[in-house]
Amino acid sequence: MQPKIYESDYPEVFLPSMSIFHYLMPDGPGISPLPHFDPSLPCVIEAATGRTVSRGEMENTALRLGQGLRDAGMRRGDVVNLFAPNSIEFAFATWGTIAAGCTITPANVAYEPRELAHQVNDSGASFFFVAPSHLPVFERARALFKRPVPDSRIVLCCDVGPGARGSAPDKYRSLHELLGARAPAERFETEPMATAFMFYSSGTTGLPKGVETTHYNQTTQMQTAGAHIEQFTTQDRILAFLPMSHMYGAMMFLLIPLRFGCASVLLPQFEEIAVYKAIQEYKITVAPVVPPVLVLWASSPHLKKYDLSSLRSLLSAAAVLSPDVVRQLYKILPVPICDGYGMTETSPAIIVKDNRMSTPDRIGWMGRLLPSYQARLVCEDGTDAPVGTPGELWVRGPNVMKGYRGRTGDILPGGWFQTGDLLVMDKQGWFRIVDRVKELIKYKGLQVAPAELENVLLQHHHIVDAGVVGVEDEKQATELPRAYVVVDPKKAAELKTDRDRHRFAREIAEWAAKRTAQHKRLRGGVVITDVIPKSPSGKILRRLLRERAVTEWAS
Ligand code: ATP
Ligand code: MG
């Protein structure tokens, strides 16, 4: 039987085959399909200092840095590692690398030395931009690098301006030195199919994988997602605290501003009050966030103290967004939330909610397939899932990665990529996520999605966060869902003894049982805890919760 292939029902868009640099920063008219933007428009602003870089300056610096990298011996296809928090220099280092025709592989600033060394060894990086604040971790990782790195290939990507070096030893070069006194250099032609970015996936399900996305993947994503995520204008200011070392942050804060002539307002990390102040001070219009941030905002006593009226849209992606949180937050911050779904492997967006089409009954739905994608929903036995029932999402299209670094066979014949996520599509072509295939709990052969139970738990008025995993019950030869919950500070203070906590945990289990099907009961228990482990991109690290659950269950 022919497989059932869904096409996007958005109008087709033009898919340019060109390098990202030529697409975003063309050196003349008619090269890029984008409109001409005034070079004096700001493109990145540092929230703490107000330092602003215009499009023209970004382009000029990138070209000079690109020349600096070539002079240092870097050639087309060589890999450059970047280990720094969001900053203007992060943007310079990225665009400089792209201008040189090299591949940039930014690393998560929360990494321990062992994790950083994994990325460096796996990616084959041979040149390094490091923030002085991150030198100690970098140096410990350096001892684990498979190929020794000379000091001359380590450039300080400063936290505070290209000339500054903090207390970093003199042996490292500064970004300023790499820039030299060069005039803007010539542009290098880069093959559209060359790898531009090598982001590492979040490592939610195992070791992070080096995802190679090409210039073509990114320029076409700018066309497809760019047309529907938001109607950005040059007036927009984008809140940028999510890490740019992750594909979501890089797309929103590095690429989108150049694509639309708007600016991102950079913060080095999420800090609740600093974020409200930045929104107020810089009149932020669009805030890309992750669900844990919305969970916090929905019950925060501080949010109402700031003038956040400039916000016109919130974007949520990377993890499951609870409909209850959306409704709760809307009462205090009446701004539409556009849910988007994607992954590092797909550059990243696949499905987005176009706010022009969103109605209140679409809360909990992620939106429709972006232009140029084709999709299948496939059951465990390889057959197509009927409309309205879950299947694993397979996608193909110009935004699907070239492959994982050092691996083959992850793209199936015909160009299909298996996302590992279980989704449902309705008759109107709207999608919603059930959970990751790997994270489903099997209770006596029946599927239980942790994300669904977490959503139920979040509706309890004392629960502020929740994470659910399966524990193996050998006697019954089945998995049992077990919940970890964080309760609000007032309730937590009331629960003084272990007995109080156990009693309240039992109450929660009974409360949840009334709201779920029989097979979804929290038979593995409820545990009150202080924090649910999360990745910087807002994902529940169920892997860690599972390890904890296994130990607790065994004792
Ligand atoms: P790894 O592949 O290393 O295990 P990861 O899949 O978490 O890690 P990312 O590429 O950062 O790495 O995340 C993509 C995943 O995030 C998707 O496969 C999906 O499970 C989840 N995700 C993305 N957007 C959404 C969304 N809107 N709602 C729910 N889940 C989402
Ligand atoms: Mg993944």
Side-chain angles (χ1 to χ4, degrees), residues 106-108 110-111 115 118-119 122 197-213 217 221 225 229 242-252 288-295 314-323 325-326 337-353 358 362-370 375 390 392-395 399-401 403-405 407 410 417-424 430-440 449-452 454-455 533-544 546:
N108 181 340
Y111 273 173
E115 296 166 308
H118 164 72
Q119 180 165 338
D122 189 65
F197 292 101
M198 204 186 321
F199 291 103
Y200 273 65
S201 61
S202 299
T204 311
T205 54
L207 268 186
K209 301 170 286 263
V211 177
E212 295 200 43
T213 53
N217 290 150
Q221 167 82 185
I229 290 187
L242 292 171
M244 298 199 286
S245 57
H246 186 246
M247 173 76 90
Y248 179 23
M251 144 123 162
M252 296 311 305
V289 296
V290 286
V293 170
L294 299 176
V295 171
L314 301 173
L315 307 179
S316 172
V320 177
L321 176 61
S322 151
V325 169
V326 175
I337 301 178
C338 163
D339 196 357
Y341 162 87
M343 56 193 58
T344 316
E345 291 87 338
T346 54
S347 312
I350 303 174
I351 290 164
V352 297
K353 188 184 284 181
S358 187
R362 282 303 186 184
I363 292 175
W365 291 81
M366 299 185 301
R368 300 186 303 158
L369 199 63
L370 281 174
E392 185 189 0
L393 177 72
W394 293 18
V395 289
N399 302 162
V400 175
M401 65 168 180
Y404 295 117
R405 181 69 159 184
R407 272 173 49 164
D410 295 292
F417 174 69
Q418 299 171 276
T419 63
D421 292 320
L422 211 55
L423 273 75
V424 176
W430 280 67
F431 289 84
R432 106 185 133 70
I433 187 166
V434 178
D435 218 318
R436 292 177 192 256
V437 177
K438 275 197 185 169
E439 301 205 329
L440 289 180
E452 184 191 333
E454 286 153 8
N455 280 344
K534 303 258 168 76
S535 72
S537 49
K539 295 162 198 294
I540 296 181
L541 293 175
R542 293 210 189 91
R543 175 168 52 87
L544 299 184
R546 212 171 293 122

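Please read all numbers here as calculations on a predicted model, not as lab measurements. Start at 1 and go down the list; that is how both ligands and their atoms are numbered. Numbering of residues begins at 1 and proceeds along the displayed sequence.
- A donor-acceptor contact shorter than 3.5 Å is absent between the side chain of K438 and the backbone of G420.
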Tell me which donor-acceptor pairs under 3.5 Å the side chains of residues 200-207 have, and how far apart each pair is, sequence neighbours excluded?
| from | atom 1 | to | atom 2 | distance (Å) |
| --- | --- | --- | --- | --- |
| Y200 | OH | D122 | OD2 | 2.8 |
| Y200 | OH | S123 | N | 3.3 |
| S201 | OG | K209 | N | 2.9 |
| S202 | OG | H246 | NE2 | 3.4 |
| S202 | OG | S537 | OG | 3.3 |

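- In this structure, D339 does not pair ionically with R362, as no charged nitrogen and carboxylate oxygen lie closer than 4.0 Å.
- The salt bridge (charged side-chain N to carboxylate O under 4.0 Å, His left out) search around R546 returns E439, not counting sequence neighbours.
- Protein neighbours of ligand 1 below 4.0 Å, counting non-hydrogen atoms: S201, S202, G203, T204, T205, K209, H246, A318, A319, V320, D339, G340, Y341, G342, M343, T344, E345, M366, D421, I433, R436, K539.
- Residues T346 and V395 meet the side-chain proximity criterion, which asks for heavy atoms closer than 4.5 Å.
- For F197, the ring-ring contact (aromatic ring centres under 6.0 Å, His included) criterion is met by F199, not counting sequence neighbours.
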